[in-house]
Amino acid sequence: MNYRRLGCTNWKVSEIGYGMWGMGGWTGSDDEESLAALQRAVDLGCNFFDTAWAYGEGRSEKLLGQIVRANQDKKLYTATKIPPKNLQWPSRRGSTLDDCFPPEHIDKYVHSSLENAGLDSFDLVQFHVWEDAWVEDDRWAKKMDELRSAGLVKAIGISINRWEPWNGVRTVKSGLIDSVQVIYNIFDQNPEDDLFPACVKMDVAVIARVPFDEGSLTGALTLDSKWPAGDWRNTYFVAENLKATVEKVEKLKQVRRGGISLPEMALRFILDNKDVNTIIPGMRKIANVETNTAASDRGALPGPVQAELRKHRWDRTPTKWSQ
């Protein structure tokens with residue numbers, strides 16, 4: 001495992017971090033299996049773990065607390081997210097800070113998440129949706145400063161809405177945050193346009209989420225893919241999105257060289273960008289942990305492959321199903 005500096009925090013975090021949504025909010029999650037996968041990740045050098053209250057209403061946070069307590073001899077960086085008060089993902093244009101993150105709501109959920117995890121503090125607390133207009137209402141920043149002064153939070157971040165990397169650039173430039181979490185993968189390359197340069201200039205960390213495009217870049221999707229009732233992927237991979245995605249993934253498979261798997265290629269594409277500080281693939285099984293963490297040791301993709309992947313950029317705009 002290789003490590004990178006997490007922006008102005010100066011923490012040395014693993015290039016491959018751990019996204020914990022799947023073990024809290026997706027069907028088929030088993031806590032014992034999840035804990036075994038988490039422990040394997042720790043053993044392989046992963047030290048950055050990202051969760052949220054919304055991942056099973058604290059279920060994932062509880063698992064994070066368990067793995068931290070089981071590895072007290074290691075420094076594991078803990079990150080969680082405050083849900084919007086109106087429980088709407090993504091935030092809507094025109095939503096106010098009072099709709100989503102009034103100060104009393106921030107305070108309530110930071111304490112709730114700490115209780116779920118059984119921790120005295122989180123290294124990073126992020127806002128789970130974001131509107132750049134909120135940078136003008138500094139009540140959120142003042143509340144987070146209070147929580148940081150109280151020792152409950154060490155760093156502050158935002159999680160940008162799907163396919164809206166522009167909707168955080170002003171906040172990055174404000175100097176009020178330490179990190180940005182954004183969707184970045186072979187298809188979603190547009191954070192490179194404006195967001196990443198702003199983050200570099202302000203020394204704000206970039207946490208790349210959804211590296212496999214909600215699973216499509218694992219290569220397992222087909223036009224007949226379905227999930228159990230209640231699984232979020234049923235509402236995301238609607239017929240319109242599933243067909244377009246499968247077609248694009250099939251073309252992408254032709255870029256592979258030397259027996260590289262599609263997931264490894266997806267991770268190494270991101271790792272080639274030094275503006276990214278850590279990637280947080282979702283992992284629920286030990287086999288996934290071992291495969292994904294190994295990408296950190298494989299080095300850069302061959303230049304011709306990287307150049308070819310650039311052509312697969314897919315600029316998308318939010319829809320009712322994209323959430």
Could you tell me whether W130 and W140 have their ring centroids closer than 6.0 angstrom? yes
Are L6 and Y184 connected, step by step, through hydrophobic side chains (Ile, Leu, Val, Met, Phe, Trp, Tyr) whose heavy atoms are closer than 4.5 Å? no
Distance-minimising heavy-atom pair for W134 and S95: NE1-O, 2.9 Å
Does R313 come within less than 4.0 Å of D315, counting only side-chain N to carboxylate O? yes
NZ (K75) with more than 12 external heavy atoms under 6.0 Å: yes
Can you list the residues that meet the side chain to side chain contact (heavy atoms under 4.5 Å, CB included) rule with D275, with sequence neighbours excluded? F196, V200, N273
Measuring only between side-chain heavy atoms, which start at C-beta, is V249 closer than 4.5 Å to L221? no
Is the closest side-chain heavy-atom distance between L64 and T78 below 4.5 Å? yes
One pair to check against side-chain hydrogen bond (donor to acceptor under 3.5 Å, both in side chains): T96 and D99. What are the steps and the verdict? CA-CA 5 Å; T96 66; D99 293 328; 3.2 Å; yes
Applying side chain to side chain contact (heavy atoms under 4.5 Å, CB included) to F127 and I177, what does each step give before you reach the verdict? CA-CA 11 Å; F127 293 91; I177 61 172; over 6 Å; no
Give a yes or no answer on whether the side chain of N116 reaches the backbone of K62 with a donor-acceptor pair at less than 3.5 Å. no
Looking at D132 and K173, is there a salt bridge between them, counting it only when a charged N and a carboxylate O are closer than 4.0 Å? no
Can a donor-acceptor pair be found between the side chains of R5 and N10 at a distance below 3.5 Å? yes
What distance separates H128 NE2 from Q88 CD, expressed to the nearest 0.5 Å? 14.0 Å
Verify whether the ring centers belonging to W53 and Y109 lie closer than 6.0 Å. yes
For a 4.5 angstrom cut-off between non-hydrogen side-chain atoms, does T80 reach Y55? no
Does a side-chain heavy-atom distance below 4.5 Å link P90 with R92? yes
Taking all non-hydrogen atoms of both residues into account, name the closest pair between P191 and P197 and its distance. O-CD, 4.4 Å
Residues at least two apart in sequence or cross-chain that pass ring pair (Phe, Tyr, Trp, His ring centres under 6.0 Å) with F187, listed by chain then number, are W314
Show the nearest heavy-atom pair for residues E214 and F237, with the distance to one decimal. O-CE1, 3.5 Å
What I want to find out is whether E308 reaches R257 closely enough, with some N-O distance under 4.0 Å, to be called a salt bridge. no
Do the side chain of D178 and the main chain of K154 share a donor and acceptor less than 3.5 angstrom apart? no
Is the backbone N or O of R4 less than 3.5 Å from a side-chain atom of N277, with the two atoms forming a donor-acceptor pair by type? no
Give a yes or no on whether K253 atom NZ has more than 12 heavy-atom contacts from other residues, nucleotides or ligands under 6.0 Å away. yes
To the nearest 0.5 Å, what is the distance between OG1 (T222) and CD (E250)? 9.5 Å
So which heavy atom on L76 is nearest to which on C46, and how close? CD2-O, 4.0 Å
Check whether any side-chain heavy atom of L63 sits under 4.5 Å from a side-chain heavy atom of I67, and report yes or no. no
Are K285 and E33 within salt-bridge range, i.e. N to O under 4.0 Å? yes
V13/N47 under side chain to side chain contact (heavy atoms under 4.5 Å, CB included): CA gap, chis, key distance, verdict: CA-CA 6 Å; V13 301; N47 71 354; 3.8 Å; yes
Please step through salt bridge (charged side-chain N to carboxylate O under 4.0 Å, His left out) for the pair D98 and R139, ending with a clear verdict. CA-CA 10 Å; D98 285 316; R139 289 177 296 153; 3.1 Å; yes
What pair of heavy atoms forms the shortest contact from A37 to R284, and how long is it? CB-O, 3.7 Å
About how many Å separate CG of L44 and CG of D297, when rounded to the nearest 0.5 Å? 9.5 Å
The single option from L262, L217, N185 passing side-chain contact (heavy atoms from CB on, under 4.5 Å) against F212: L217
Is the side chain of H105 donor-acceptor paired with the backbone N or O of P83 at a distance under 3.5 Å, no angle test? yes
Would the distance check show the side chain of T278 and the main-chain N or O of S14 forming a donor-acceptor pair, the cut-off being under 3.5 Å? yes
Does E290 pair with R40 as a salt bridge, N-O distance under 4.0 Å? yes
Angle class for the W163/W321 ring planes (parallel below 30°, perpendicular above 60°, tilted otherwise)? perpendicular
Using a 3.5 Å distance criterion without hydrogens, assess whether the side chain of S296 forms a donor-acceptor pair with backbone atoms of N2. yes
Taking the six-membered ring for Trp, are the ring centroids of Y18 and F49 within less than 6.0 Å of each other? yes
Flag the pair D50 and K81 as a salt bridge only when some basic side-chain nitrogen lies within less than 4.0 angstrom of an acidic carboxylate oxygen. yes
Interatomic distance, CD@Q39 vs CD1@I286, rounded to 0.5 Å, equals 9.5 Å
Strictly distance-based, threshold 3.5 Å: is any side-chain N or O of Q189 a donor or acceptor partner for the main-chain N or O of L309? yes
Of the non-hydrogen atoms in M1 and G45, which two are nearest, and what is the gap between them? CG-O, 3.7 Å
I'd like to know if the side chain of S216 and the backbone of T245 have a donor-acceptor N/O pair within less than 3.5 Å. no
Is D145 salt-bridged to R148, cutoff N-O under 4.0 Å? yes
Does a donor on one side chain sit under 3.5 Å from an acceptor on the other, for S159 and Q126? no
Would a 4.5 Å heavy-atom cut-off, applied to side chains only, mark H111 and L152 as touching? yes
If only side-chain N and O atoms count, and only distance matters, is there a donor-acceptor pair under 3.5 Å linking S225 with R233? no
May I ask you to test the I260-V305 pair for a side-chain heavy-atom distance under 4.5 Å? no
Any side-chain heavy-atom pair from D107 and K143 closer than 4.5 angstrom? yes
Are K108 and E104 close enough for a salt bridge, meaning some N to O gap below 4.0 Å? no
Quick one: do R316 and D213 make a salt bridge, cutoff under 4.0 Å? yes
Donor-acceptor contact present, side-chain N161 to main-chain W89, <3.5 Å: no
Determine yes or no for a side-chain-to-main-chain donor-acceptor pair under 3.5 angstrom, with N71 supplying the side chain and K74 the backbone. no
Are D31 and S34 close enough that a side-chain donor and a side-chain acceptor fall under 3.5 Å? no
Could you check E247 against K251 for salt bridge (charged side-chain N to carboxylate O under 4.0 Å, His left out), going step by step and ending with a plain yes or no? CA-CA 7 Å; E247 289 174 354; K251 292 178 182 177; over 6 Å; no
Determine, for E164 against R93, whether the closest basic-nitrogen to carboxylate-oxygen distance falls under 4.0 angstrom. yes
Can you tell me which residue among I82, N86, D137 is in a side-chain contact (heavy atoms from CB on, under 4.5 Å) with F101? I82
Are D188 and R162 within salt-bridge range, i.e. N to O under 4.0 Å? no
